[in-house]
Amino acid sequence: MVDLRDYKSLDEFLLQQLSTRNRKNLRSKQRKLESDADIRYCFYHGEIEKSEYDRIFDTFYQLLKKRFVEKEMFNRNLMHWKYYYELAYPMILNKQALLFVIYDKDKPITITLNFLYDQHLFSYIQTYDIDYSQYNMGDISMVKHLQWCLENQIQIFDLSKGENDYKLKWSNHRYEHFYHLFYKAGSIHAFLKAQVFQGKLRLAQYLRDKGILGKLFQYDRFFFKRFQKKVAHHDWKAPE
């Protein structure tokens, strides 16, 4: 996660977090993006027109699907898109969620859905138009999020569990994720079920620690071909 409690400005954070080369490259990419395209940045928090919300979420789905086809990975969120669509709108209006969009004119090219709790912002789903990959859209999006956090007294920007180069680049604090298992006391069936589940969790963690799970073997890549046809023909707007 990004802990902003000791920083008064974005420049102060960037100076400590990024190397001189990375800061220079970031500024260069953003200037080039803004000179090559008609760019505007929008944070939807407290209000958004329903028609624009619908348009953004449809584009969000298409861009996310396109991005993960390029990566040849299965994204579980795609099969539950209607749930997120129905969930996020009232939460944005109630300032419990934040939708960030980078537009090229009126075309969304980067979209992020975040959730808020107290002084914490949680990054949940993000994607970008792969036609703009040369501009490092993820880094530009991160800078805009951090600026928004500092301006709105958000202390923590949580990038959620999972390790990758992007998170390691921006995070200044790491924490462990714990599972707590609850089951009915006195029930042999519940006890055995909890033990099996605990065994699976311990095995998965062992394989992660050994660099097998998540590196040599990735679930989302393994399931890509199996679910690709299902995703390709999935209509998230269809009534259930």
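All figures in this text were calculated on a predicted structure; none of them were measured in a lab.
- In this structure, Ile111 is not a member of the same hydrophobic cluster as Tyr41, with clusters built from ILVMFWY side-chain heavy atoms closer than 4.5 Å.
- Here the straight-line distance linking atom CG of Asp129 with atom CD1 of Ile102 works out to 11.5 Å at 0.5 Å rounding.
- The six-membered or imidazole ring of Phe115 lies away from that of Phe122, with a centre-to-centre distance of 6.0 Å or more.
- Residue Lys66 holds its NZ atom at 12.5 Å from CG of Leu64, rounded to the nearest 0.5 Å.
- Put simply, Tyr166 and Leu4 are part of the same group of oily side chains (I, L, V, M, F, W, Y) that touch within less than 4.5 Å, one to the next.
- Distance alone, capped at 3.5 Å, is enough to place a donor-acceptor pair between the Ser133 side chain and the Ile130 backbone.
- At least one donor-acceptor pair closer than 3.5 Å links the side chain of Lys167 to the backbone N or O of Ser160.
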Practice task
Apply ring-ring contact (aromatic ring centres under 6.0 Å, His included) to Phe157 and His120, showing your working.
Solution key: CA-CA 6 Å; Phe157 185 28; His120 290 61; over 10 Å; no
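- At distances below 3.5 Å, at least one donor-acceptor pair connects side-chain atoms of Asn114 with backbone N or O atoms of Leu98.
- When the shell of 6.0 Å around NZ of Lys50 is examined, it contains more than 12 heavy atoms from other residues, nucleotides or ligands.
- A salt bridge links Arg40 to Asp106: at least one charged side-chain nitrogen sits closer than 4.0 Å to a carboxylate oxygen.
- No chain of hydrophobic side-chain contacts below 4.5 Å, direct or via other Ile, Leu, Val, Met, Phe, Trp or Tyr residues, connects Tyr103 to Phe43.
- Here the CD-NZ distance, from Gln195 to Lys200, works out to 13.0 Å after rounding to the nearest 0.5 Å.
- Using cut-offs of 30° and 60° on the angle between ring planes, the pair His180 and Phe178 is tilted.
- Contact check for Thr127 versus Phe60: side-chain heavy atoms found under the 4.5 Å cut-off.
- In this structure a side-chain-to-backbone donor-acceptor pair under 3.5 Å is missing from Asp158 to Leu121.
- No path of Ile, Leu, Val, Met, Phe, Trp and Tyr side chains, each step under 4.5 Å between heavy atoms, connects Ile125 with Trp170, placing them in separate hydrophobic clusters.
- Side chain of Asn25 to main chain of Arg21: no donor-acceptor pair is present (N/O by atom type, distance under 3.5 Å, no hydrogens or angles).
- Two residues are said to be in side-chain contact when any heavy atoms from C-beta on lie closer than 4.5 Å; Tyr44 and Cys42 meet this criterion.
- Residue Phe13 is not grouped with residue Met1 when hydrophobic side chains (ILVMFWY) are merged at heavy-atom distances under 4.5 angstrom, including chains of intermediate members.
- Look at Asp139 and Lys144 and you find no salt bridge, because none of the NZ, NE, NH1 or NH2 atoms lies under 4.0 Å from a carboxylate O.
- Note that the OG atom of Ser171 and the CZ atom of Arg174 stand 8.5 Å from one another [nearest 0.5 Å].
- Of all non-hydrogen atoms in Asn22 and Leu18, the two that sit nearest each other are CB-CB, 4.0 Å.
- To the nearest 0.5 Å, atom CG of residue Leu113 and atom CG of residue Leu87 are 8.0 Å apart.
- In this model, no donor atom of one side chain and acceptor atom of the other lie less than 3.5 Å apart for Gln16 and Glu12.
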Exercise for the section: Before giving the answer on side-chain contact (heavy atoms from CB on, under 4.5 Å), spell out for Val2 and Leu146 the whole-Å C-alpha distance, their side-chain angles and the decisive distance to 0.1 Å. Expected result: CA-CA 9 Å; Val2 184; Leu146 296 179; 3.9 Å; yes
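- Looking at His45 and Asn152, their side chains never bring a donor and an acceptor atom within 3.5 Å of each other.
- Atom NE2 of His189 has 12 or fewer neighbouring heavy atoms from other residues, nucleotides or ligands inside a 6.0 Å radius.
- Between Phe100 and Trp148, the distance separating the two ring centers is not shorter than 6.0 angstrom.
- With salt bridges taken as basic N to acidic carboxylate O contacts below 4.0 Å, none links Asp165 and Lys169.
- Note that Lys193 lies outside the cation-pi zone of Tyr183, set by a 6.0 Å cut-off to the ring centre and a 45° limit from the axis.
- Summarising the local packing, OH of Tyr175 is surrounded by more than 12 heavy atoms from other residues, nucleotides or ligands at distances under 6.0 Å.
- Taking the six-membered ring where the residue is Trp, the centroids of Tyr84 and Tyr124 are separated by under 6.0 Å.
- Inter-residue side-chain proximity for Ile109 and Ile39 is flagged as met; some heavy-atom pair is nearer than 4.5 Å.
- The side-chain hydrogen bond (donor to acceptor under 3.5 Å, both in side chains) with Tyr132 is formed by just one residue from the set Thr110, Asp104, Asp36; it is Asp104.
- Nearest heavy-atom pair across Lys29 and Gln134 is NZ-O, 2.8 Å.
- Around the CG atom of Leu168, the shell of radius 6.0 Å holds more than 12 heavy atoms that belong to other residues, nucleotides or ligands.
- Counting heavy atoms from C-beta outward, Gln96 and Leu116 have side chains that stay 4.5 Å or more apart.
- Looking at Lys237 and Asp58, a side-chain N of the basic residue comes within less than 4.0 Å of a carboxylate O on the acidic one, giving a salt bridge.
- Contact check for Glu47 versus Ile92: no side-chain heavy atoms found under the 4.5 Å cut-off.
- Counting only N and O atoms by type, the side chains of Asp54 and Tyr85 include a donor and acceptor under 3.5 Å apart.
- Taking a cutoff of 4.0 Å between a charged side-chain nitrogen and a carboxylate oxygen, Glu34 and Arg31 do not qualify as a salt bridge.
- Between atom CD of residue Gln147 and atom CG of residue Leu10 there is a gap of 5.0 Å, rounded to the nearest 0.5 Å.
- Contact check for Val143 versus Leu26: side-chain heavy atoms found under the 4.5 Å cut-off.
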Exercise for the section: Show your working on side-chain contact (heavy atoms from CB on, under 4.5 Å) between Leu159 and Met142 and close with a plain yes or no. Expected result: CA-CA 10 Å; Leu159 305 181; Met142 174 61 76; 3.7 Å; yes
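- Proximity of a side-chain donor or acceptor of Ser141 to a complementary backbone N or O of Met137 within less than 3.5 Å is not detected.
- Heavy-atom minimum distance, Pro108 versus Arg55: CD-NH1, 3.7 Å.
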Handout entry: Leu150 vs Lys8, side-chain contact (heavy atoms from CB on, under 4.5 Å): CA-CA, chis, key distance, verdict
Key = CA-CA 7 Å; Leu150 289 163; Lys8 296 180 181 179; over 6 Å; no
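- Across Ala97 and Ala88, no two heavy atoms sit closer than the pair CB-O, 4.4 Å.
- In this structure a side-chain-to-backbone donor-acceptor pair under 3.5 Å is missing from Tyr135 to Lys32.
- Gln155 places none of its side-chain heavy atoms less than 4.5 Å from the side chain of Asp3.
- Within a 6.0 Å radius of CD in Glu49, no more than 12 heavy atoms belonging to other residues, nucleotides or ligands are found.
- Ring centroid separation for the pair Phe57 and Trp81 comes in under the 6.0 Å cut-off.
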Practice task
Step by step, work out the side-chain contact (heavy atoms from CB on, under 4.5 Å) result for Ile56 and Ile48.
Solution key: CA-CA 11 Å; Ile56 290 170; Ile48 183 173; 4.1 Å; yes
